[in-house]
Protein chains: 2
Amino acid sequence: MKTIADIAKIAGVAKSTVSRYLNGGSVSEETKKKIELVIEETGYAPNAFAQSLKAKKTNIIGTIIPRLDSYATSRTLMGIDERLRELNYHMLVSNTGQDLTREIENIYTLAKQKVAGIILLATEVTDAHLKAIQEIDIPVLLVGQQHDNVYSLVHDDETAGYAIGKYIAQRGHKKIAFLGVGEYDVAVGVKRKKGFAQAVSEHTADVEARFFETTFSMSDAAERAGQLFDEFSPSAVVCATDNLAIGAMKAAYQKKLRVPMDVSITGFGGYEVTAMMNPSLTTVRIHFTEAGHTAASHIAKLVKGEDVPKLTYSRFDLILRESVDIRTNHLL
Amino acid sequence: MKTIADIAKIAGVAKSTVSRYLNGGSVSEETKKKIELVIEETGYAPNAFAQSLKAKKTNIIGTIIPRLDSYATSRTLMGIDERLRELNYHMLVSNTGQDLTREIENIYTLAKQKVAGIILLATEVTDAHLKAIQEIDIPVLLVGQQHDNVYSLVHDDETAGYAIGKYIAQRGHKKIAFLGVGEYDVAVGVKRKKGFAQAVSEHTADVEARFFETTFSMSDAAERAGQLFDEFSPSAVVCATDNLAIGAMKAAYQKKLRVPMDVSITGFGGYEVTAMMNPSLTTVRIHFTEAGHTAASHIAKLVKGEDVPKLTYSRFDLILRESVDIRTNHLL
DNA sequence: TTCTTTATTGGAACCGGTTCCTTAATCAGC
DNA sequence: GCTGATTAAGGAACCGGTTCCAATAAAGAA
């Protein structure tokens with residue numbers, strides 16, 4: 001592979017002149033022609049590392065994600081990647097396998113790699129996170145979680161949870177199960193539940209809400225939902241993710257419960273597959289790709305030293321489909 | 001941020017000694033202690049670029065993928081990332097949005113970034129690909145596609161297609177529809193179809209197979225499947241991906257066709273959600289994560305100059321579930 | 001015609017590491 | 001006590017770019 005020195009020698013000029021040519025300094029038309037020709041012929045491409053060494057930064061944005069096999073993550077990454085490409089950055093992905101220690105480790109490793117900025121799709125923000133973020137001298141953007149000391153982009157899970165809770169309560173459901181995940185994931189495990197709880201609590205009258213917990217896995221959700229139908233026999237099950245809802249629908253099917261006649265089910269996320277379910281699933285659509293775009297734009301600005309809002313909310317909307325039925329009192 | 005020179009000065013030794021300490025050269029116990037202390041205090045971490053500049057390579061493996069919102073891709077990436085981490089590499093992801101030009105571009109860009117190796121999840125291998133792969137002087141591993149001149153890891157789509165075709169034919173189906181995608185994706189669009197076609201052709205007797213085409217999108221698949229039911233009214237629909245099968249099931253539901261009593265449906269991929277469908281979907285499971293592991297191991301070996309088989313097949317197996325029924329002649 | 005000014009260009013230093021070479025010091029063997 | 005081997009450490013060169021500074025030449029001003 002050719003270096004800038006080779007090009008310079010072949011073109012009969014100095015390294016600095018070639019560098020100037022490449023970076024738009026003052027070079028005569030004549031020399032420009034010569035250098036252009038040589039570069040054309042040799043297919044020369046500057047070594048990005050040598051450049052970064054001097055510039056002390058790269059055009060790589062690191063993203064740290066808890067898992068790759070998640071609709072939310074891959075959609076968000078798509079958005080990030082798309083926008084980043086437009087802005088002439090590359091995306092380096094670090095998967096942590098939902099391991100908190102590795103999340104911290106990765107922050108330091110990315111810093112060592114001298115990435116220009118870091119987008120952190122965290123599940124939780126601990127003191128160790130804050131310490132790491134402070135120590136490395138690199139802009140960090142939090143996506144999906146929020147902390148006052150860090151630039152954050154959140155999905156407003158609480159309001160969304162409230163919206164779906166309100167919707168279900170307004171349809172006359174009195175016995176509502178909430179199928180969620182552990183509180184280690186603040187956005188999904190805490191915020192969504194909290195918003196939902198708030199909504200149903202406003203219908204104090206005679207609504208009974210019960211909270212159940214499972215993992216992010218569909219099959220675990222199916223199993224838990226199966227038990228839940230026996231224990232509680234709710235008229236509606238509000239699930240904290242679409243995958244859980246898919247599991248719940250499976251369980252209902254196995255218990256010979258008809259959706260939505262016997263039990264209404266809702267999801268959370270807006271995965272494409274929810275439209276294909278039978279019946280199609282009422283859910284909250286979160287605009288992950290759009291959020292990814294925003295995240296990329298924000299981190300790019302931060303890298304350039306420009307300012308962005310400390311906290312940004314992404315959009316969501318309710319998608320009303322077939323899996324929810326109206327319940328009037330006399331039917332109960 | 002401190003440099004090695006700072007550390008050396010503080011510890012009262014030469015840069016080279018610190019470097020030797022870090023890389024396990026001969027350093028006296030006494031100096032080791034001194035340097036260790038200083039590094040501890042300052043939180044010094046070597047600049048990865050300066051290291052790469054000298055070493056002329058990085059510990060980053062670039063992966064080029066057509067799309068992120070695909071089960072196959074994200075599973076494969078998971079596998080790659082997991083194994084790569086064990087081997088002390090990082091994964092740089094470049095998404096091409098199914099744009100062939102960008103696939104080529106990305107090969108060059110990654111080369112400029114001096115990644116140690118490239119894993120290419122291509123949809124097709126053109127001359128431009130081969131040219132790019134040759135020009136950059138970096139090991140490349142093809143995943144999901146195969147070419148004689150490039151190290152390849154393939155999913156043996158043809159054999160798998162044959163297996164599912166055989167299975168359906170043996171269950172007595174006589175009118176079989178194959179719902180596939182365009183031939184621009186060689187593995188999915190060509191190989192799977194070819195294997196299937198071979199299998200049914202061996203049941204020359206009275207099997208009628210018809211081939212239909214759609215995109216990778218579930219909703220497009222649902223629409224196409226809807227038409228197909230009207231045009232052809234098959235007793236079985238073999239789909240080239242699980243997403244297409246999900247679309248087909250939706251279409252069947254809308255047409256009031258019962259699965260599998262009226263029509264059998266099969267998928268391809270083994271996505272988790274197929275187990276949750278009602279009825280659950282018979283499909284071919286491809287071991288994407290495992291393939292990712294293998295891909296990572298192979299590229300690491302290639303980077304180190306070790307040899308690996310030019311062509312490796314990943315495993316697959318048939319998962320027999322509820323969506324396929326036996327057809328005996330008198331029922332038709 | 002001579003002095004400035006301006007446009008190009010070359011040379012050298014630097015970014016932060018690694019590595020080769022040399023020297024100094026310690027130690028064993030005779 | 002002297003010689004050769006071995007270990008520890010420093011110094012300098014190098015990786016492949018960028019950038020600052022000085023030098024030269026050409027052009028414009030006086």
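Order of the sequence lines fixes the chain letters, A, B, ..., with proteins taken first and strands second; residue numbering starts at 1 for each chain.
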Can a donor-acceptor pair under 3.5 Å be found between the side-chain atoms of [X] and the base atoms of [N]?
X: B:R20; N: D:dA9; answer: yes
X: B:K15; N: C:dG17; answer: yes
X: B:S16; N: D:dG11; answer: yes

What's the closest nucleotide to the side chain of [X] if the choices are [options]?
X: A:S19; options: C:dC15, D:dT18, C:dT18; result: D:dT18
X: A:V27; options: C:dG16, C:dT9, D:dG16; result: C:dT9
X: B:L53; options: C:dT8, D:dG16, C:dG17; result: D:dG16
X: A:T17; options: D:dG16, D:dT19, C:dG10; result: C:dG10
X: A:K54; options: C:dT19, C:dC15, C:dG10; result: C:dC15

Rounding to a whole Å, what distance do you find between [X]:[atom1] and [N]:[atom2]?
X: B:Y21; N: C:dG17; atom1: OH; atom2: C1'; value: 17 Å
X: B:N23; N: C:dG16; atom1: CG; atom2: C1'; value: 13 Å
X: A:F49; N: D:dT18; atom1: CZ; atom2: C1'; value: 17 Å
X: A:I39; N: D:dG16; atom1: CD1; atom2: C1'; value: 14 Å
X: A:L22; N: D:dG16; atom1: CG; atom2: P; value: 15 Å
X: B:K32; N: D:dT7; atom1: NZ; atom2: P; value: 13 Å

Check whether any side-chain nitrogen or oxygen of [X] sits under 4.0 Å from OP1 or OP2 of [N], and answer yes or no.
X: B:K57; N: D:dC15; answer: no
X: B:Q51; N: C:dT18; answer: yes
X: A:S28; N: C:dT9; answer: yes
X: A:Y44; N: D:dG17; answer: yes

- Scan B:S26 against the nucleic acid and name what it touches under 4.0 Å (heavy atoms): base, sugar-phosphate only, or nothing. base

- Task: Could you check whether B:T31 gets within reach of a base, just the sugar-phosphate, or nothing at all, counting any heavy atom under 4.0 Å?
- Result: sugar-phosphate

- Query: When the nearest nucleotide of DNA chain C is assigned to B:A5 and to A:V13 on a heavy-atom basis, which residue is associated with the more 5' position?
  - Reply: A:V13

- Do B:R75 and A:D69 meet the salt-bridge criterion of a basic N to acidic O distance under 4.0 Å?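 Between B:R75 and A:D69 there is a salt bridge, with a charged N closer than 4.0 Å to a carboxylate O.
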
- Item | Geometric cation-pi criterion, B:R67 with B:F216: 6.0 Å, 45° | yes

- Message: Taking atom NZ as the centre, does B:K131 end up with more than 12 heavy-atom neighbours from other residues, nucleotides or ligands that are less than 6.0 angstrom away?
- Response: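 Counting neighbours around NZ of B:K131, 12 or fewer heavy atoms of other residues, nucleotides or ligands fall under 6.0 Å, so no.
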
- Counting only heavy atoms not in B:Y44, do more than 12 sit closer than 6.0 Å to its OH atom? yes

Donor-acceptor contact below 3.5 Å, side chain [X] vs main chain [Y]:
X: A:Q145; Y: A:T123; answer: yes
X: B:T109; Y: B:I107; answer: no
X: B:S19; Y: B:K15; answer: no

- Task: Going 5' to 3' through nucleotides 23-28 of chain C, assign each nucleotide B (protein heavy atom under 4.0 Å from a base atom), S (under 4.0 Å only from sugar-phosphate atoms) or - (no protein heavy atom that close).
- Result: ------

- Query: Can you check side chain to side chain contact (heavy atoms under 4.5 Å, CB included) on B:L92 and B:L110, steps first, answer last?
  - Reply: CA-CA 9 Å; B:L92 181 78; B:L110 288 178; 3.2 Å; yes

